[in-house]
Amino acid sequence: MTREAIVVVDFGSQYAQLIARRVREAHVYSELVLWDAPDEAFERLEPKGFILSGGPASVYEPDAPRLPKAVLRAGKPVLGICYGMQTLAHELGGRVAPAREREYGPAELEILDPSAPLFAEVPQRQPVWMSHGDRIESPPPGWSILARTDNSPIAAMGDVVRGWYGLQFHPEVEHTRYGREILRNFLYRVCGCQGTWTAGSFIDEAVARIREQVGNGRVICGLSGGVDSAVTAALVGRAVGDQLTCIFVNTGLLRAGEPEQVVETFQRSLGLRLVAVDATEEFLADLAGVTDPEEKRRRIGARFIRVFEREARALGQVDFLAQGTLYPDVIESTSAETRAAQKIKTHHNVGGLPPDLKFKLIEPLRYLFKDEVRAVGEALGLPEEIVWRHPFPGPGLAIRILGEVTWERLETLRRADAILLEELRAAGLYRQTAQVFAVLLPVRSVGVMGDGRTYANVIAIRAVTTEDFMTADWARLPYDLLARISSRIVNEVPGVNRVVYDITSKPPGTIEWE
């Protein structure tokens, strides 16, 4: 692999993915590698340097994660963040101990050595974000103290000659005002990166890799109308042309106009070979009488796989299946294999792949985050309404209808959701929100319309802002916009007489209601 890269060593930090994202924002490729991975995992990318993440452990505990020997053997620059700094100090002869005062939240950093490349062209005093209970009491031999805060006399340290640094604060979070500049200094001034990783370079790489993998074989790709499957199809189509056939399954659980939009975009506008099948009746029959959300997911996933395989068999010999797996899915899967994790709910993607799958997988987006997928989609020339479409769960509206899914309830929710999105776009707020949708509740409420009493459905509106969907806050939509949406839904959607607004963050709530 010829592209320059940085390996982010994951010690279990909640910010580990964010570090990788910040590196990529600087146009340098990065991947997360768990601290206890085999040596080959650290060497595979031939990295220009390493960043050690934070973590919840204390380095002096018997079973604490340790600094991988492969990192130091590589002789490349290293940046340790929080726990990463502490494990550097611990392994190299410094001293780490519990802090007299734990430090969580904002602090003021004073840079003691502004000549250090890590702090080039940033203010000598600056706000940073701390999150630690241990601190460095003395740095390793040969290391210098580069910065301090009131509670951390060694808030940054370094062996400038070897390009090894440690930061007690978190440069990857927004609250550290000059964190991006500090990370860029490490990447460019310390590691010597050039910043050549862009959407265009990724497309060239991906197309070449797909052509090599597929050869003369045939590929199928399931389209959902979302950005992940759309970019996957566009990439594979650019690589192998007519060797690709896309399959679009209309489950009947999509939003208003989406089946038509998918066909229009991919068959007519992009010229991809597309098989569209309407399986609405099959899915609704499977969902009849079902109210449990996990059972809904299971039935929808099973039916989707059956319909998809049926259509694939009709095409004859097929060698490959292309799908839009993203890097967070890969990270979560890897973590699940190595760490105990409580299942909150089944993943929103439709169904799992059967164990006896006969196709070889093509996953060109496997190492991309969502924002990077959007950038690639724009570079490929996909329409804005596809590239910037809000995430939509695989089971579709079935998990936004609380209770039984029927055609009547689907149509009610579809109409309400269409009004919500129409008004959001008209207000210029679609791109400023991360996910916005309507939910049909399993309750009825009393209302008055005209001179008569009504007893009708309740629609809940959910709108969130988030960077990574791991945490989210409810969007502060303007009151006049909410009033307009509510008025239109009540007046234009039969059977609805009340609209409520969900003001729950994640956590404690999830983004979807089911």
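As the structure is a prediction and not an experimental result, all values here were calculated from the model.
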Can you tell whether the side chains of Arg135 and Glu137 come within less than 4.0 Å, N to carboxylate O?
yes
NZ/NE/NH1/NH2 to OD/OE distance under 4.0 Å, Lys76 and Glu46
no
Flag the pair Arg184 and Glu181 as a salt bridge only when some basic side-chain nitrogen lies within less than 4.0 angstrom of an acidic carboxylate oxygen.
no
Considering residues at least two apart in sequence or located in another chain, which fulfil the salt bridge (charged side-chain N to carboxylate O under 4.0 Å, His left out) criterion with Lys48?
none
Pair Glu294 + Arg297: basic N to acidic O under 4.0 Å:
yes
Considering only NZ, NE, NH1 and NH2 on the basic side and carboxylate oxygens on the acidic side, decide whether Glu110 and Arg148 come within less than 4.0 Å.
yes
Check this for me, if you would: do Asp473 and Lys506 make a salt bridge, where the nitrogen-to-carboxylate-oxygen distance has to be below 4.0 angstrom?
no
Are Arg44 and Glu31 close enough for a salt bridge, meaning some N to O gap below 4.0 Å?
yes
Does Arg400 make a cation-pi contact with Phe437 (under 6.0 Å, within 45 degrees of the axis)?
yes
Within the 6.0 Å centroid threshold, strictly below: Tyr15 and His170:
yes
Tell me whether Arg389 is salt-bridged to Glu384, with the criterion being a basic N under 4.0 Å from an acidic carboxylate O.
no
Answer yes if the side chains of Gln323 and Thr325 hold a donor-acceptor pair under 3.5 Å, and no otherwise.
yes
Are Asp371 and Arg374 within salt-bridge range, i.e. N to O under 4.0 Å?
no
Is Arg431 close enough and on-axis enough to Trp388, meaning under 6.0 Å and within 45°, for cation-pi?
yes
